[in-house]
Every structure is written in C-alpha cells, then in structure tokens.
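For reference, the structure is listed below as structure tokens.
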Amino acid sequence: MSAVSWIHLLLYLLLSSAVMAHLDCTYNSWTLLSCSWEADSNFTSSPCYISTNVKNRDIKGSCDLTPNSNLRNCTINLKTDLKPVKEILTVDHKLNMSVICSDTLKRNASVTFLYEFSAYHNLLLDSPSSTEIKMISDDVWNLTWRISQRSKIKNIETEVQYKRVNSLWQDAQNIRVKNANFVALHNLHPKTQYEAKVRVNQTDFAGGRWSDWGRPVQWTTLEVALDCTHNSFDTVTCSWRTARNLTSTPCYLLAYVNNNNENRRIKGMCYLSPSGDYRSCVMNLTTNGKHILSAMTFSHHMNVSVMCSIGNFNRTVTSLSAFFPFYNLRLDPPIILDIKMLEDGVWNLTWVNKHRNYIDNVETEVHFKPVKWSWKDAKRFTLSQYDLSAFLRDLHPDTLYEARVRVNQTDIQGGRWSEWSKPVQWATPPKGSAFPIPGAVAISVVLLILAVALCSSKR
Ligand SMILES: *[C@@H]1O[C@H](CO)[C@@H](O)[C@H](O)[C@H]1NC(C)=O
Ligand SMILES: *[C@@H]1O[C@H](CO)[C@@H](O)[C@H](O)[C@H]1NC(C)=O
Ligand SMILES: *[C@@H]1O[C@H](CO)[C@@H](O)[C@H](O)[C@H]1NC(C)=O
Ligand SMILES: *[C@@H]1O[C@H](CO)[C@@H](O)[C@H](O)[C@H]1NC(C)=O
Ligand SMILES: *[C@@H]1O[C@H](CO)[C@@H](O)[C@H](O)[C@H]1NC(C)=O
Ligand SMILES: *[C@@H]1O[C@H](CO)[C@@H](O)[C@H](O)[C@H]1NC(C)=O
Ligand SMILES: *[C@@H]1O[C@H](CO)[C@@H](O)[C@H](O)[C@H]1NC(C)=O
Ligand SMILES: *[C@@H]1O[C@H](CO)[C@@H](O)[C@H](O)[C@H]1NC(C)=O
Ligand SMILES: *[C@@H]1O[C@H](CO)[C@@H](O)[C@H](O)[C@H]1NC(C)=O
Ligand SMILES: *[C@@H]1O[C@H](CO)[C@@H](O)[C@H](O)[C@H]1NC(C)=O
Ligand SMILES: *[C@@H]1O[C@H](CO)[C@@H](O)[C@H](O)[C@H]1NC(C)=O
Ligand SMILES: *[C@@H]1O[C@H](CO)[C@@H](O)[C@H](O)[C@H]1NC(C)=O
C-alpha cells in the first residue's frame with residue numbers, strides 16, 4: 001500500500017470514529033430508546049435509519065431518522081417477537097446500534113456504529129407526571145408528582161424549581177429531594193401567581209441524565225390573613241386581617257417554635273385588642289417560661305395561630321405553620337437621636353441601632369423638616385451603607401426643625417422598614433448670628449500649631 005493510501009485509511013478511521021461519537025442514545029427504563037445523531041453534511045437529508053439488536057435475544061428495534069439539519073433524531077420502541085412488551089432490557093444487556101443510510105443508488109450502508117451500548121448506564125427517565133399543588137395552610141403549599149420507572153430503579157433524585165409566574169426560570173428557587181414524591185413550599189409572597197416544575201434523575205446507575213421537565217403547575221397564593229415580623233431579639237409582632245364576624249370576639253395570638261430539638265420551649269402569647277379591620281399585638285417570647293433576649297436562631301420556625309373564643313371553646317381561626325422569624329425581620333426603630341451643629345452650619349444627626357450583632361448591613365432612611373410642615377413634605381435621603389450619623393444641610397435659620405430615621409437590614413431577604421424613630425427637635429439660630437466659629441476651634445488650632453512647632457524644634 002502506498003503511503004498516500006495509508007494516510008487516507010488513517011484519515012478515514014479518524015473521521016469515522018469522530019462520527020461514531022456523535023450517535024447518542026438514552027433509555028427510559030421501559031422500552032424506549034431515544035437517539036440523536038449529529039450527521040455530517042453528507043447525510044443531513046439522505047434516508048437513514050437506526051437499527052439495533054441484542055445478541056442471542058430476540059430483541060429488535062429500528063426507527064427512521066427524520067431529516068433535520070445536522071441533528072437528526074428518532075425514538076426506537078424495542079420489541080421482542082415483533083410484539084411490544086412493557087419491560088424489556090435488563091441491566092446486563094448490551095446493544096449494538098447502527099445508523100444505516102442509503103446512497104443515491106439506494107444502496108444501504110452502515111455509516112455510524114455504537115458498540116455495546118449499555119442502556120442502564122444511559123438512563124433518562126420519563127418526566128414526572130400529574131404534578132399538583134394543594135394548600136396545607138394559609139402559607140404552606142404541598143407540591144406532589146408521580147414518577148414512572150422500573151422497579152429495579154430504587155433511588156430517584158428530584159429537582160423542583162418554583163418562581164413567580166412573571167419572573168424567569170433562571171431566577172427560580174431550587175429544591176432537591178431524594179426518593180420523595182412531594183415537597184412543602186414555604187415563604188411564598190402573598191397574593192402572587194406562582195409556577196413550579198419537576199424533573200428526575202435516578203441515582204442507582206452512573207451516567208443518568210436529568211429527565212425533561214414535567215409540565216409546570218400554576219397557583220395563586222392567598223392574601224395574608226396573618227402578617228408577622230421579628231425584631232431579631234425577643235419579640236414577634238403580628239397583624240391579623242380580621243374576619244368580618246370576629247372583629248369584637250375575644251382573640252389572642254399563640255406562637256411556639258416548631259423545630260426545637262433541645263428541651264427548650266420557646267413560645268409567646270398576646271391579646272388582640274379589638275380595633276376594626278386589623279388587630280395586632282406584640283408577643284414577648286419566653287424560653288421555658290423565662291425571658292431570654294437572644295433565644296431565637298436562624299433555623300427556628302414557628303407556628304403562629306390566632307385563637308378566638310367561639311362558643312365555649314378557644315378555636316384556631318387562622319395560622320402560619322412555618323413562620324421563619326429571621327426571614328421576616330423588622331428591626332426596632334433607631335433610638336437616642338441627637339443633633340449637633342458643626343462649624344460650617346451643617347448639622348450632624350446621630351442615632352443608635354438595636355439589633356442582633358450578626359446583622360452587618362443596614363440601610364437607613366432620614367427625613368427632616370420644619371416642625372410646622374407635614375412629614376410628606378420633608379427632605380429625605382437614604383444611606384445604603386451602615387451609618388450611624390448623617391449631615392443635614394441647607395436649613396432655614398431661626399426655625400424649629402425635627403428629624404426622624406428608620407432602618408431595614410439588607411443581609412437577609414424579606415426585611416421590612418422599621419417603624420420611625422421618635423423624632424428629635426432642635427432650633428436653628430437666627431440669621432446673621434454668624435455661625436459661632438467657636439473660640440474652642442480657634443484655641444485648638446493655636447494649640448495644634450504650637451504642638452507641631454514643639455515637635456519639629458525637638459528634632
Ligand atoms: C462527503 O461527500 C464528499 C463529496 O461528495 C466526499 O468527498 C466525502 O468523502 C464524503 N464524506 C464522508 C464522511 O463520507
Ligand atoms: C456487536 O458487534 C460486535 C462486532 O460486530 C460483535 O462482536 C458483538 O458480539 C456484537 N454485540 C451484540 C450485543 O450484538
Ligand atoms: C428530536 O429532537 C427535537 C428537538 O430536540 C425534539 O423536539 C423531538 O421531540 C425529538 N424527537 C424524537 C423522536 O426524539
Ligand atoms: C435499505 O433499508 C431499508 C429499510 O430497512 C429497506 O426498506 C430497503 O429495502 C433497503 N434497501 C436495500 C437496497 O437493501
Ligand atoms: C403532601 O401530599 C402527599 C400526597 O398526598 C402526602 O403524602 C404528604 O403527607 C403531604 N405533605 C404534607 C407536608 O402535608
Ligand atoms: C444522575 O445520577 C447519576 C448517579 O448518581 C449520576 O452519575 C449522574 O451524573 C446524575 N446526572 C446528572 C445530570 O446529574
Ligand atoms: C364567620 O364566618 C365564617 C365564614 O364566613 C364562618 O365559617 C364562621 O363560622 C363564622 N364564625 C362565627 C363565629 O360566626
Ligand atoms: C412585653 O415586654 C414589654 C417590655 O418589657 C412590656 O411593656 C409588654 O407589656 C410585654 N408584652 C406582653 C404581651 O407581655
Ligand atoms: C382561651 O384561652 C385563654 C388564654 O389561654 C384562656 O384565658 C381562656 O380561659 C380560654 N377559654 C376557653 C373557653 O377555654
Ligand atoms: C399549628 O397550630 C395550630 C393550632 O394550635 C394547629 O392546628 C396546627 O396543626 C399547628 N401546625 C403545625 C405544623 O404544628
Ligand atoms: C458626627 O457624629 C458622629 C457621631 O458622634 C461622629 O462619629 C462624626 O465624626 C461626626 N461628624 C463630624 C463631621 O463631626
Ligand atoms: C429590606 O432589605 C431586604 C434585603 O435587601 C429586601 O429584601 C427588602 O425588600 C427590603 N425591604 C424594604 C421595605 O425595602
């Protein structure tokens with residue numbers, strides 16, 4: 001053989017092995033093999049089919065590849081004795097698969113070959129079906145689905161994604177569960193349309209792929225009847241949109257931590273005084289009956305119920321069965337507001353925040369105005385860094401002013417603005433009373449110059 005022929009043969013082998021790698025098949029664990037073939041340009045439209053057989057067993061199948069740019073695919077329904085059966089391959093079965101195309105002279109030739117294909121190491125299960133959603137309580141939803149797989153496959157991992165209908169799947173929340181056919185979804189926004197979808201992978205055999213996503217389900221969450229927040233220390237405050245016929249019934253809030261493995265019982269209770277459409281109160285949490293400022297942790301969740309005395313019984317009227325205090329933070333308002341005038345007529349407003357010390361990021365809103373204006377006309381600005389002071393400029397002379405601040409922690413989702421602090425009031429000096437370039441400053445400048453002079457003379 002000439003050198004040139006050798007090179008041709010080599011090229012041919014290289015080419016054909018490259019082509020072989022482009023036949024990709026998956027098995028759904030029943031009778032279906034789905035294959036796709038990355039055909040080279042010579043074969044994008046010629047009549048081709050995939051054929052397979054299992055040695056020494058009467059298992060056969062074939063499918064015609066639909067012409068379709070370079071990625072041609074089809075699904076083989078395996079048969080035995082030419083009869084369809086429900087379950088067909090076992091773990092040990094290996095298949096030879098070939099792509100056969102006919103040329104212009106209608107001669108059939110094998111173009112690509114997949115040698116000893118192990119179906120069980122290329123499982124792609126059917127996508128989950130019958131996905132459904134049911135409400136467990138006002139704020140918890142149960143997503144359920146069904147999976148179809150052979151009994152040989154015992155271990156299934158499921159991925160659940162859910163999101164608001166008008167946001168993108170790429171921003172969806174993700175949950176993975178093992179061998180489960182339901183998952184409870186918490187912490188959804190009230191009165192919002194959601195959708196969820198599910199896919200599966202078996203984890204008994206290597207090489208499994210994710211199934212296609214099942215058909216998404218949609219639902220709409222309820223308007224909150226009970227809205228609770230936590231101050232990061234020891235109180236939970238709830239507001240209840242009162243059912244019409246219960247506005248004057250004696251009712252109280254009852255809350256306890258659900259997932260406390262320790263021997264500590266953290267709970268809270270307060271009476272909801274009647275006050276129109278919304279009734280609210282503040283629960284001081286106790287731990288085994290004692291007050292502990294920092295008993296709550298990030299992982300704790302609580303069952304919060306509204307109990308009303310109806311007839312001769314205390315009945316649960318509405319409840320949150322998984323209230324996560326740290327994902328519903330509303331910090332206490334800032335305290336100890338103080339204001340000082342600086343030399344140039346700018347005012348320095350200062351305050352103090354109260355919250356657990358692992359909250360590192362807080363945004364602050366500042367409002368200030370002459371006392372006789374209304375708050376809606378106040379000058380306002382937001383500090384997005386953690387600050388405990390802010391400068392107020394351009395104040396009218398000889399005016400009584402007031403300022404207030406509120407905070408939102410920005411470390412954890414779901415934060416709310418605190419209530420407004422108590423306002424601080426002060427009077428600006430009359431015009432012309434030159435802002436006191438105070439003697440103190442003049443003296444310190446002199447002292448500084450003296451000190452510098454002293455130091456340099458010592459050198
Ligand atoms: C594709 O077709 C061209 C021209 O018809 C031919 O030269 C080439 O060998 C073919 N390639 C394969 C992989 O058959
Ligand atoms: C696959 O093809 C090879 C080579 O032709 C052969 O040796 C092997 O027995 C075949 N295997 C099956 C399962 O048909
Ligand atoms: C072939 O691939 C297309 C695109 O990925 C897909 O929509 C179609 O269902 C596939 N057909 C078969 C028979 O697998
Ligand atoms: C090529 O294969 C197809 C499908 O099996 C068959 O219908 C056709 O008769 C074959 N052609 C030749 C020339 O063998
Ligand atoms: C969700 O529904 C499934 C099926 O009906 C049930 O088995 C499961 O207990 C439910 N989960 C919860 C948290 O209620
Ligand atoms: C599916 O599970 C198998 C077995 O654990 C693993 O080998 C495979 O990588 C998984 N597939 C995906 C897409 O995660
Ligand atoms: C209040 O009204 C609801 C339905 O609107 C009813 O189910 C409930 O029994 C009523 N409660 C009382 C105390 O009448
Ligand atoms: C909670 O504690 C505060 C301050 O100690 C107290 O003023 C308030 O009455 C308490 N509330 C309840 C419901 O016990
Ligand atoms: C309802 O609960 C409250 C608070 O625990 C209690 O004071 C009241 O006696 C209870 N009423 C009934 C009818 O059990
Ligand atoms: C929450 O408390 C209410 C009333 O006590 C009860 O009906 C409900 O089952 C509780 N939920 C959980 C998850 O503990
Ligand atoms: C404003 O007050 C804060 C708190 O006392 C202080 O840290 C800051 O330096 C003051 N700003 C000026 C310019 O004096
Ligand atoms: C407070 O900050 C958190 C975290 O950045 C954010 O999720 C939340 O929307 C903010 N709340 C308000 C009322 O801006």
Side-chain angles (χ1 to χ4, degrees), residues 164 167 171 173 187-190 192 227-240 250-256 266-273 279-287 289-296 298 304 306-307 324-355 358-366 368 380-393 403 405-420 424 426 435 437-438 440-441 444:
R164 296 174 189 220
S167 69
D171 301 326
Q173 307 275 341
N187 267 323
L188 304 174
H189 289 268
T192 305
D227 182 33
C228 299
T229 59
H230 174 48
N231 76 342
S232 86
F233 287 112
D234 58 339
T235 68
V236 169
T237 303
C238 302
S239 163
W240 173 44
C251 299
Y252 62 96
L253 278 178
L254 185 63
Y256 54 87
I266 305 179
K267 57 181 253 183
M269 195 240 196
C270 62
Y271 289 96
L272 289 155
S273 49
R279 296 168 68 172
S280 62
C281 63
V282 181
M283 291 180 279
N284 292 339
L285 303 179
T286 58
T287 306
K290 280 194 294 255
H291 177 241
I292 296 178
L293 194 61
S294 304
M296 300 297 287
F298 270 85
V304 185
V306 173
M307 313 287 291
F324 283 79
F326 278 92
Y327 294 89
N328 291 280
L329 284 172
R330 186 178 194 205
L331 302 183
D332 289 333
I335 51 172
I336 321 183
L337 267 68
D338 197 11
I339 185 113
K340 284 205 178 67
M341 191 171 68
L342 306 175
E343 294 72 48
D344 49 1
V346 171
W347 293 86
N348 190 6
L349 177 68
T350 60
W351 59 88
V352 171
N353 287 340
K354 278 199 313 179
H355 53 70
Y358 43 72
I359 292 170
D360 292 325
N361 293 298
V362 165
E363 63 181 337
T364 310
E365 195 170 293
V366 179
F368 68 100
R380 57 193 64 199
F381 55 91
T382 304
L383 306 166
S384 46
Q385 286 188 325
Y386 199 133
D387 278 311
L388 292 170
S389 67
F391 297 136
L392 311 184
R393 299 171 202 277
V405 292
R406 60 177 184 172
V407 289
N408 177 28
Q409 61 73 30
T410 51
D411 279 333
I412 313 156
Q413 273 191 4
R416 325 269 184 96
W417 283 113
S418 71
E419 292 202 49
W420 287 104
V424 58
W426 74 102
F435 287 109
I437 292 267
V441 171
S444 21

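Bear in mind that the values here come from a model prediction, so they are computed numbers and not experimental data. Just so you know, ligand 1 is whichever comes first in the structure, and atom 1 is the first atom listed for that ligand.
Counting heavy atoms from C-beta on, the side chains of Cys270 and Met283 come closer than 4.5 Å.
Ion pair Arg416/Asp227 flagged as a salt bridge, since at least one NZ, NE, NH1 or NH2 atom sits closer than 4.0 Å to an Asp/Glu carboxylate oxygen.
Residue contacts with ligand 11 for Leu342 involve side-chain atoms from C-beta outward but no N, CA, C or O (heavy atoms, distance under 4.0 Å).
Taking the centre of each ring, Phe324 and Phe298 stay at or above the 6.0 Å mark.
For the ring-ring contact (aromatic ring centres under 6.0 Å, His included) test, residues two or more places apart in sequence or in another chain that qualify with His355 are Tyr386.
Within 4.0 Å of ligand 12, contacts by protein heavy atoms are made from Asn408, Gln409, Thr410, Ile412, Gln413, Gly414, Gly415, Trp417.
Thr235 and Asn231 share a side-chain donor-acceptor pair at under 3.5 Å.
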Exercise. When you look at Asn284 and His291, which way does the side-chain hydrogen bond (donor to acceptor under 3.5 Å, both in side chains) test go after all the steps?
Worked result: CA-CA 8 Å; Asn284 292 339; His291 177 241; over 6 Å; no

Problem set entry | Pair Arg164-His189, side-chain hydrogen bond (donor to acceptor under 3.5 Å, both in side chains): steps then yes or no | CA-CA 9 Å; Arg164 296 174 189 220; His189 289 268; 2.8 Å; yes

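Near Val282, meaning under 4.0 Å from one of its heavy atoms, ligand 8 places the atoms 13 (C). Interface of Thr350 with ligand 11, defined as ligand atoms under 4.0 Å from a residue heavy atom, comprises 2 (O), 3 (C), 4 (C), 5 (O).
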